[in-house]
2 protein chains.
Amino acid sequence: MATIKDVAKKAGVSVATVSRAINGKGYVHEDTRKQIDEAIRELNYKPNEVARSLFNKKSRLIGLILPDIRNPFFPELARGVEDEMQEHGFRLIIGNADEKLEKELDYIETFKQNNVIGLISASTNEVLSHYDNLSFPLVLLDRTSVEHPSVYANGLDGGRLAAKELVSRGCKRISVLKGPVETQTARDRFKGAVDELYTANVHFDVMTTSFAFQEAEYWAKELFSKYPDTDGVIASNDVVAAAVLHEAHRLGKQIPEDLQIIGYDDIPFSQFLYPPLSTIRQPAYDMGREAAKLLIKLMDGKKVENKNILLPVQFIERQTTRKVERDD
Amino acid sequence: MATIKDVAKKAGVSVATVSRAINGKGYVHEDTRKQIDEAIRELNYKPNEVARSLFNKKSRLIGLILPDIRNPFFPELARGVEDEMQEHGFRLIIGNADEKLEKELDYIETFKQNNVIGLISASTNEVLSHYDNLSFPLVLLDRTSVEHPSVYANGLDGGRLAAKELVSRGCKRISVLKGPVETQTARDRFKGAVDELYTANVHFDVMTTSFAFQEAEYWAKELFSKYPDTDGVIASNDVVAAAVLHEAHRLGKQIPEDLQIIGYDDIPFSQFLYPPLSTIRQPAYDMGREAAKLLIKLMDGKKVENKNILLPVQFIERQTTRKVERDD
DNA sequence: TTGAAAGCGATACCAG
DNA sequence: CTGGTATCGCTTTCAA
């Protein structure tokens, strides 16, 4: 690997001049610049990011914390973040926290130690105190908080929407599946659903489930054993919805005649389920991109008027809900 | 952030001694060590990885290149790698190459510039020449090559198995869906299927498809428009299989009576499809872990006798294939 | 057993 | 417009 010294020697100038040329700071004579460019090309010189980082106390790395990389919702978020960052010349370190605080802290430490210049976290941990004294800006993703900038989707609407669509399609005994997390958005989501159900005066039961594949099947069985008469399920996410759908088939239920199901997230797979899953869509990719944009503004020290960006959710009608509205 | 200097001052020793104490190299008096430990604790000192990295030309970072983070197979691989690396105190930088050479090169550059000490690549790019002059060890994952160490699954068996199971279940007009990539494992897979089909003297058609969600649906439609009479599909992966299954439903086909489908990979979602997807399982998580183990050995400079680790695949019988074998 | 000092590769101040 | 040099935080001789 060629160093700046090699370039300086080859170009017959000092390292200081090379540095100025590379960074476009300070004066460099046109002719000198050419010599330097030439030398750089010949040596295939690339500045050493580590040395830069040591001096500047800044890398070009961005940290991204995901709760569970196996849940397709999060890679989608990640892609949004990545695409935006890529366009600005930043690189991503993805940390999979596995919904464990310890791993999350580990990654934060790694990020600090590698001089990341910004952090986006979709952590599902209830407490956020470990984000308090960071030396770089932070954006929360898929969650919100008054203390930190954030990009999230409208959970209240989401919950409400899910409930409304089910009620308007004639469900009488609805099961609300709650995720395991206690973030504001999760609470909103739950509140939205419950509020709507109260208002509509429809009977409902609540069950708390995991979000993960490994346990989704267990919860689906549990659901039908506890509430065998349920005729409408508001799932905690699409993964759980898929498991519920699967279990419903196993039990010989007709979907959507006997049972209607609404998922949450709209991951790519949901369209391929049978019947295709009706769900509340969170604009994951856009959320990621927005979070990246916000973080970039913050890193640039720009004034940001709106630090908490709320994105809309949307009911995606497919075929786990009945086609025609009716009031029975 | 406290530096080694602060620790030295607080402990009343020189930075050299602190360094020795931290790294357990050279002599440090027991009492001095205690002082230092004490100071470290009080100051909550963490060595600056960047400075270390600059000096050593080595970080504790491992690069991981994934072709497409949205395809659930790859997060699964990533988890295997991550878990093993985590246990050894290494950290992962995940780069999503998006099946584009340019992005892949970009990440490799980032990895070099950040002094990664090892690289695992699941790249699907046909050429590998950009991996030739690396200053750190490389392990190929989910592909193989004579020049580089690798961990991969048995494609020949996989293809053969898929074909055999379909043939033995009475398929007469099989469609073989080929992935878009030209890696050895992909070729093996295809060859395995075709060989078996030839041997069994069963009619088959071949179609090349993408692996991605976005295009899977298109290919599924294409498949049935080109080969409406097909009664058995060997899909390029589970994502494509899901799309085929979906399209088959749309066309009113009975699965597995009219049409049998075998996927590839066995991603977590496949069990929730309807009917649950029969597929060839690649042990993704284990593959990731093995790759990590192999890389660690390589980084340690250990002699590795077997540089190309082949893992077995397995037919997972679910319900897109018929239950009973029959010969018609 | 310890510490002074050189150096990893780059940046930026300050003189010239 | 250019170059010498201190500096970033840490590791590692080498001498004491």
Side-chain angles (χ1 to χ4, degrees), chain A residues 1-40 43-61 89 109-117 135-136, chain B residues 1-37 39-40 43-61 109-117 135-136:
Chain A
M1 278 276 103
T3 74
I4 197 171
K5 245 180 174 167
D6 303 324
V7 176
K9 195 176 297 174
K10 180 143 225 151
V13 296
S14 78
V15 294
T17 306
V18 177
S19 177
R20 260 180 271 122
I22 295 172
N23 297 294
K25 298 183 183 176
Y27 297 98
V28 178
H29 190 92
E30 192 50 42
D31 297 346
T32 327
R33 168 159 276 131
K34 269 188 205 143
Q35 307 266 314
I36 294 175
D37 285 350
E38 177 64 17
I40 289 180
L43 294 166
N44 188 28
Y45 166 75
K46 298 267 179 3
N48 180 323
E49 284 295 326
V50 176
R52 279 187 161 172
S53 175
L54 177 59
F55 185 90
N56 296 321
K57 298 185 195 311
K58 278 178 182 218
S59 68
R60 292 163 61 197
L61 300 173
E109 203 52 51
T110 302
F111 293 162
K112 284 183 189 167
Q113 288 178 352
N114 287 282
N115 286 350
V116 302
I117 45 174
S135 58
F136 40 80
Chain B
M1 278 276 103
T3 74
I4 198 172
K5 244 181 175 166
D6 302 324
V7 176
K9 196 177 297 174
K10 179 143 222 149
V13 297
S14 78
V15 295
T17 306
V18 177
S19 175
R20 259 178 272 122
I22 294 173
N23 297 295
K25 298 183 180 175
Y27 298 97
V28 178
H29 190 93
E30 191 51 42
D31 297 347
T32 325
R33 168 160 274 131
K34 269 188 205 146
Q35 307 264 315
I36 293 176
D37 286 349
I40 289 180
L43 294 166
N44 186 29
Y45 167 75
K46 300 269 184 351
N48 180 324
E49 284 295 326
V50 176
R52 280 188 159 171
S53 176
L54 178 59
F55 185 91
N56 295 321
K57 300 186 195 309
K58 279 179 181 218
S59 67
R60 291 162 62 197
L61 300 173
E109 203 52 51
T110 302
F111 292 161
K112 284 184 189 167
Q113 289 178 350
N114 287 282
N115 286 350
V116 302
I117 45 175
S135 58
F136 41 80

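In the text below, chain A, chain B and the rest are named by the order of the sequence lines, each starting its count at 1. Scope of the values below: all heavy atoms of this structure, side chains included, with no hydrogens, waters or symmetry mates.
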To the nearest Å, give me how far apart [atom1] ([X]) and [atom2] ([N]) are.
X        : N      : atom1 : atom2 : result
B/Phe55  : C/dA10 : CZ    : P     : 16 Å
A/Lys57  : C/dG9  : NZ    : C1'   : 15 Å
A/Tyr27  : C/dC14 : OH    : C1'   : 15 Å
B/Asn114 : C/dG9  : CG    : C1'   : 14 Å

Hey, does [Y] have a side-chain heavy atom less than 4.5 Å from the side chain of [X]?
X       : Y       : result
B/Val28 : B/Arg33 : yes
B/Gln35 : B/Thr17 : no
B/Leu43 : B/Val7  : yes

Going by atom types alone, do B/Lys112 and B/Asn114 pair a side-chain donor with an acceptor below 3.5 Å? no

Between B/Ser14 and B/Leu54, who's closer to the 5' end of DNA chain C by nearest nucleotide?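 Between the two, 5'-proximity favours B/Ser14.
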
Which of these nucleotides, [options], is closest to any side-chain atom of [X]?
X       : options               : answer
B/Tyr45 : D/dT12, C/dG9, D/dC10 : D/dC10
B/Thr3  : C/dA12, C/dG9, D/dC10 : D/dC10
B/Ala16 : D/dT11, C/dA4, C/dT11 : C/dA4
A/Thr32 : D/dT12, C/dT11, D/dT2 : D/dT2
A/Arg20 : C/dT11, D/dT11, D/dT2 : D/dT2

C/dA10, OP1 or OP2 - any side-chain N/O from A/Asn56 closer than 4.0 Å? no

DNA chain D: 5'-proximal contact among A/Val28 and B/Thr17 (nearest heavy atom): A/Val28

